[in-house]
Amino acid sequence: MFLQRRQQLFTAMSDNSVAIFCASEEQVRSRDTEFPFRQDSDFFYFCGFSEPKALLLLIKKAGETRSVLFNRSKDKLAEIWQGRRLGQTQAIDQLALDKALPIEELNEHLHLELEGLSKVYLAQGRYPAYDQHIFAAIERLRNGLRSGWQAPTQLEDWRPLVDEMRLIKSADEVALMRKAGEISAAGHCRAMRSAKVGMFEYQLEAEIHHEFLMAGARAPAYGTIVGAGDNACILHYTENQSVMQDGDLVLIDAGAEYQMYAGDITRTFPVNGKFSPEQAKLYNVVLEAQIAAIDMLKPGASIYDANQRVLNIMVSGMVELGIMQGDVATLIEEEAYKEYYMHGLGHWIGLDVHDVGDYHDVKRTRPLVEGMAITIEPGLYIPADADVPAAYQGVGIRIEDDVVITANGCEVLTADVPKTVADIEALMAS
Ligand code: GLY
Ligand code: MN
Ligand code: MN
C-alpha cells in the first residue's frame, strides 16, 4: 500500500527532485507530559511509521527512485523510560526503505541527500523547525559550489499532488474506513441504549469512548460533541457538562479513529427515549433531506447538487411547520435558511476527519468520482429565542453519515446506527 503510493507520487514528480515529509511534533500537555502522539497524516500515508522525530525523503534522480528515512536511533535508556524505537536497521526492513539515518545526525547528512537535485517538494510552513534544517542544508550546498556541490533551485508545495491522491480512497482504505464507521456506529448505539434523564452529557461521552477503545480505536477522530437541549445549537459544543433534562433532544457528533482513519457520525435522539410529536416532525424533515441527499450520490453528482435537494426539503418542511414564512424558492434564493442551517452539507473524510482535497469552489460543485469519501450531514438549529412556535425553540438536530462513492452509487459506511424515529425509539427501549 505504502510502496504503491510512493510510486504514484514518484510518477508525478519531476526528475532530479525530492519530496520531503515530516513526522508530527510531540505537544506538551502539562510540564513534562505530552498529548497522545498522533502521526502526521501525509507522513503516515507514504510510510506507515508512527514515531515522532522523523523525516521521509522520496528522491527521484536520473529516473531512479529512493526512499530515505531519518528517524530516532535505538537507545536503551530512552527506550526503558519512553518506549520502544524502531531504529534504522529495522526501519529499512519493516518500512521498505532504501536507507535510514539517525535523525540525531540530520545536519551532517541532509545536505548530502539533497546534493545534485534541482527541486525540493515541501509543505513549507507546516513544520517551521524542520523547514529551518532543510533550508540550512540547501544553503550549505549553495556555499559549497567550490566543492562541486549543486543546490536545488526550485521549491514546490507537494500538497496539490498529495491531496489529489488522498482524495481517492483505495479498497484497502475503504476497508479501514468501513471499520471506523462500524466502531463509530457501535459507540452511538451504546449511547442510545445508555441515555437517561438526569445523566450528564459527559457520561454519554464516556459510554461512546468506552466502545471505541474496546474495539481498538484508541482515540476519537475529533472532540466528541454531546449537546442536550439548546446546547445542540452550538455547532462545535464540546463542554459536555450539562445535565440532560426530560424532554430534551441530545445531539451526539462522535467518530472513532481506527488505524488513522476517521469516522464521523451525528445522531439526535430524545433523552427520555420518546420523541414528542413536534420533535418527530422537525426530525423527519432533516431525516428526509439526509436520505434524499445520500440517494443522489454517484459519480458525476456533487455535494452542491445534493445540498440543493436538502434545501428544498428542509425549507419546505420549515414553512409547513410554521418556522419560516414565505415562498420556498425565494427563501432559498435569499439564503434565509442560513439562520437555521448555517453549515455545509458535507466534507471529504479519510485520514483527517475534514480530509484534504480541492472542492473546486465554496459551493462544492466538484463532480464526485468513485473512491471519494464524504459525509452527508444536514442539520437544523433553532435558537431558544427564535420567533417560532414554542415547541421548536432551543432544538438542534443533525444527522450525519459517512459515504464512499462506488462505480454507480455509494456505500454508507455508518449504516449500523439507527436513524428513523421508530428504530431509535426501539433501540432505546431495548
Ligand atoms: N465532527 C465534525 C464534523 O462533523 O464536521
Ligand atoms: Mn461530525
Ligand atoms: Mn462531519
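The structure displayed is predicted, hence computed values, not measured ones. Both counts, for ligands and for their atoms, begin at 1 and track the order of listing. The figures that follow rest on heavy atoms only: side chains count, while hydrogens, waters and symmetry mates do not.
Taking 4.5 Å as the limit, some side-chain heavy atom of L161 sits within range of a side-chain heavy atom of Y121.
The immediate protein surroundings of ligand 1, defined as residues with any heavy atom under 4.0 Å of it, consist of Y222, D253, D264, H347, H354, E377, E400.
Residue E257 forms a salt bridge (Lys or Arg N to Asp or Glu O under 4.0 Å) with just one option from R218, R38, K179, and that option is R38. A side chain to side chain donor-acceptor pair (under 3.5 Å) with Q290 is found for one member of E400, K419, E377 and no other, namely K419.
Ring-plane geometry between H354 and H347 is classed as perpendicular, the angle between the planes exceeding 60 degrees on a 0 to 90 degree scale with a lower cut at 30. In this structure, Y359 and W348 have parallel ring planes: the angle between them is below the 30° cut-off, well short of the 60° mark. Ring-plane geometry between Y341 and Y337 is classed as tilted, the angle between the planes lying from 30 to 60 degrees on a 0 to 90 degree scale.
Note on the Mn ion (ligand 3): protein N/O/S atoms under 2.8 Å are D264 OD2, H347 NE2, E377 OE2, E400 OE2.
Residue D387 qualifies as open at atom CG: its count of foreign heavy atoms under 6.0 Å is 12 or below.
Remark: K363 engages no residue in a salt bridge (charged side-chain N to carboxylate O under 4.0 Å, His left out) (not counting sequence neighbours).
Within the structure, ring pair (Phe, Tyr, Trp, His ring centres under 6.0 Å) contacts touching residues 371-412 (residues at least two apart or in different chains) are H343-Y381.
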